[in-house]
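Remarks on the structure that follows.
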Amino acid sequence: MAPAQVEETPSKTVQELPKNYIYKGGDAGTLGASLPYIDIPTIDFSLLSSPTSGKQELEKLCSALTSWGCVQIINHGIDPAFMDKVDEVGKQFFGLPVEEKKKYARENGGYEGYSNHIIDSKDQAFDWIDRLYLVTKPEDKRQLKLWPENPQSFREILHEYTAKIEKLNEMLLKAIARALTLEENCFLDMYGEDASMLSIFNLYPPCPRPDLAIGLKPHADASVFTYLMQDKEVEGLQFQKDDQWYKVPVIPGAFVINVGDQIEIMSNGIFKSPIHRVVTNTEKGRMSLVMFCFPNPNKEIEPVKGLVTETRPRLYKTMKDYTSILVENYQKGRRPIEAAKI
Ligand code: OGA
Ligand code: NI
């Protein structure tokens with residue numbers, strides 16, 4: 001198949017915004033607005049399994065995931081020096097000449113590889129973004145031809161990073177079970193072995209009109225959990241709560257973790273998958289790396305037994321292959337989670 005057209009997101013040299021980048025969503029009016037910071041706790045991940053201080057930290061975690069659907073975590077065991085390496089290989093890749101990056105261009109009909117927009121729809125503005133999508137798990141689903149060989153350490157670092165996030169995800173799935181006083185493996189067992197992981201490097205170049213263009217349109221993630229390594233210096237991510245937008249501060253070395261639709265389902269709606277978006281700025285490019293964790297598409301998920309009670313009836317159907325439901329509904333402009341509700 002021929003590679004999809006990759007025109008780089010116009011940047012730096014562009015003074016006026018190309019028309020197809022003018023965003024007209026309902027939230028467009030708040031793009032350039034000055035907004036409050038989100039009020040979420042920073043969780044010390046190393047305390048979650050501590051016999052003495054664990055309980056309090058678990059309560060903090062649970063309360064943030066219940067009210068906001070997201071937290072920042074520190075002391076997660078992933079070495080800051082390694083995170084810097086991950087950041088560096090991503091930035092080196094985006095810094096390559098377009099011709100070199102195009103070797104890894106997304107193919108028509110696929111979604112993996114390098115591209116700047118995924119949904120080709122006449123009536124939707126393009127996001128002000130360049131992306132590199134790569135499935136990293138299961139390993140036999142890796143499309144290595146789309147994994148950059150330049151910088152040279154890219155593949156090895158992404159492989160190592162995947163293993164570290166996978167471990168973190170397991171620990172988090174156990175922690176939320178303990179926080180809800182459920183059997184420790186109830187979420188992890190439903191998540192299952194042979195799960196999928198998708199990593200996306202996002203580059204938001206400086207934008208001449210951050211009040212008119214959007215970095216990433218409002219959406220919720222279809223994952224179980226999403227692990228975001230933010231840019232160490234540049235803000236841009238915002239979460240919505242009660243129709244208000246809140247900025248996420250940068251905490252170097254921390255991960256932003258948000259609830260995805262599939263944990264909303266498994267938790268029978270106790271944890272809500274939050275709507276978020278990314279805005280741009282005129283001065284500085286921003287790079288982030290997201291890692292989505294999904295159950296294997298053949299695995300059924302549903303609210304865990306302990307969270308369905310007489311006072312809290314079951315709210316979601318048994319689902320399987322949630323990401324294909326995402327695509328179907330996205331094209332119709334609907335949130336896929338609506339399709340999962342009873
Ligand atoms: C995403 C996402 C946030 C960011 O890729 O789904 O929400 O800060 N990214 O890039
Ligand atoms: Ni997202």
Side-chain angles (χ1 to χ4, degrees), residues 1-11 82-83 85-121 126-166 169 194-205 215-216 219 221-224 226-229 231 260 278 285-298 321-324 326-327 330-331:
M1 256 186 283
Q5 198 188 353
V6 180
E7 337 143 13
E8 285 226 311
T9 308
S11 64
F82 179 71
M83 291 173 79
K85 277 198 209 164
V86 178
D87 184 68
E88 212 174 285
V89 293
K91 286 187 172 147
Q92 281 171 350
F93 172 76
F94 284 121
L96 294 173
V98 186
E99 283 315 309
E100 178 69 17
K101 287 184 284 193
K102 274 189 183 172
K103 289 186 188 161
Y104 309 101
R106 171 165 66 95
E107 295 178 337
N108 283 331
Y111 62 93
E112 280 188 75
Y114 172 65
S115 72
N116 52 358
H117 44 84
I118 238 8
I119 307 285
D120 300 294
S121 159
F126 294 155
D127 295 328
W128 194 265
I129 193 171
D130 280 348
R131 310 188 96 177
L132 176 65
Y133 270 66
L134 298 168
V135 168
T136 56
K137 273 207 67 163
E139 287 191 31
D140 62 2
K141 291 272 163 32
R142 289 181 183 178
Q143 290 206 56
L144 278 184
K145 62 172 193 230
L146 298 175
W147 289 46
E149 283 179 295
N150 185 0
Q152 212 200 335
S153 54
F154 185 98
R155 293 180 173 186
E156 186 193 321
I157 287 180
L158 186 58
H159 173 74
E160 212 180 307
Y161 185 71
T162 300
K164 290 181 195 293
I165 298 285
E166 185 182 21
N169 185 53
D194 206 22
S196 309
M197 287 170 73
L198 166 66
S199 68
I200 309 180
F201 290 83
N202 294 307
L203 182 80
Y204 306 90
L216 200 56
H219 66 281
D221 296 339
S223 55
V224 161
T226 302
Y227 296 81
L228 176 74
M229 196 173 106
D231 193 286
V278 179
R286 172 177 184 270
M287 195 195 81
S288 67
L289 170 57
V290 280
M291 191 68 93
F292 298 110
C293 297
F294 302 104
N296 182 291
N298 296 318
D321 196 9
Y322 193 82
T323 38
S324 65
L326 167 82
V327 175
Y330 199 97
Q331 281 160 352

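All values derive from a computational prediction rather than experimental measurement. We're numbering straight along the sequence, starting at 1.
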Which heavy atom of [X] sits nearest to which heavy atom of [Y], and what is that distance?
{"X": "I129", "Y": "G215", "value": "CB-O, 3.6 Å"}
{"X": "M287", "Y": "K91", "value": "SD-N, 3.5 Å"}
{"X": "C293", "Y": "Y227", "value": "SG-CE1, 3.8 Å"}

So, [X] side chain and [Y] main chain: donor-acceptor pair closer than 3.5 Å or not?
{"X": "K101", "Y": "F94", "result": "yes"}
{"X": "R106", "Y": "E112", "result": "no"}
{"X": "N296", "Y": "D194", "result": "yes"}
{"X": "N202", "Y": "R131", "result": "no"}

Flag the pair F154 / F201 as yes when their ring centroid distance falls below 6.0 Å, and as no otherwise. yes
Would you say that [X] contacts [Y] through its side chain, given a criterion of any heavy-atom pair below 4.5 Å between the two side chains?
{"X": "S196", "Y": "P295", "value": "no"}
{"X": "K164", "Y": "V86", "value": "no"}
{"X": "W128", "Y": "V278", "value": "no"}
{"X": "Y114", "Y": "L96", "value": "no"}
{"X": "V135", "Y": "Y111", "value": "yes"}
{"X": "R142", "Y": "E139", "value": "yes"}
{"X": "P148", "Y": "L132", "value": "yes"}
{"X": "E149", "Y": "Y104", "value": "yes"}

State the [atom1]-[atom2] distance between [X] and [Y], to the nearest 0.5 angstrom.
{"X": "S223", "Y": "M197", "atom1": "OG", "atom2": "CE", "result": "11.0 Å"}
{"X": "E160", "Y": "S153", "atom1": "CD", "atom2": "OG", "result": "10.0 Å"}
{"X": "L228", "Y": "F292", "atom1": "CG", "atom2": "CZ", "result": "9.0 Å"}
{"X": "D231", "Y": "L289", "atom1": "CG", "atom2": "CG", "result": "11.5 Å"}
{"X": "M229", "Y": "M83", "atom1": "CE", "atom2": "CE", "result": "5.5 Å"}

Derivation of the side chain to side chain contact (heavy atoms under 4.5 Å, CB included) call for T136 and Y161: CA-CA 10 Å; T136 56; Y161 185 71; over 6 Å; no
Count the heavy atoms belonging to other residues, nucleotides or ligands that lie under 6.0 Å from CD of E156, then report whether that count exceeds 12. no
Would you find more than 12 non-hydrogen atoms of other residues, nucleotides or ligands less than 6.0 Å from Q152 atom CD? no
Check against side chain to side chain contact (heavy atoms under 4.5 Å, CB included), Y204 and D127: CA-CA 9 Å; Y204 306 90; D127 295 328; over 6 Å; no
Given I200, L144, L146, the one that forms side-chain contact (heavy atoms from CB on, under 4.5 Å) with L134: L146
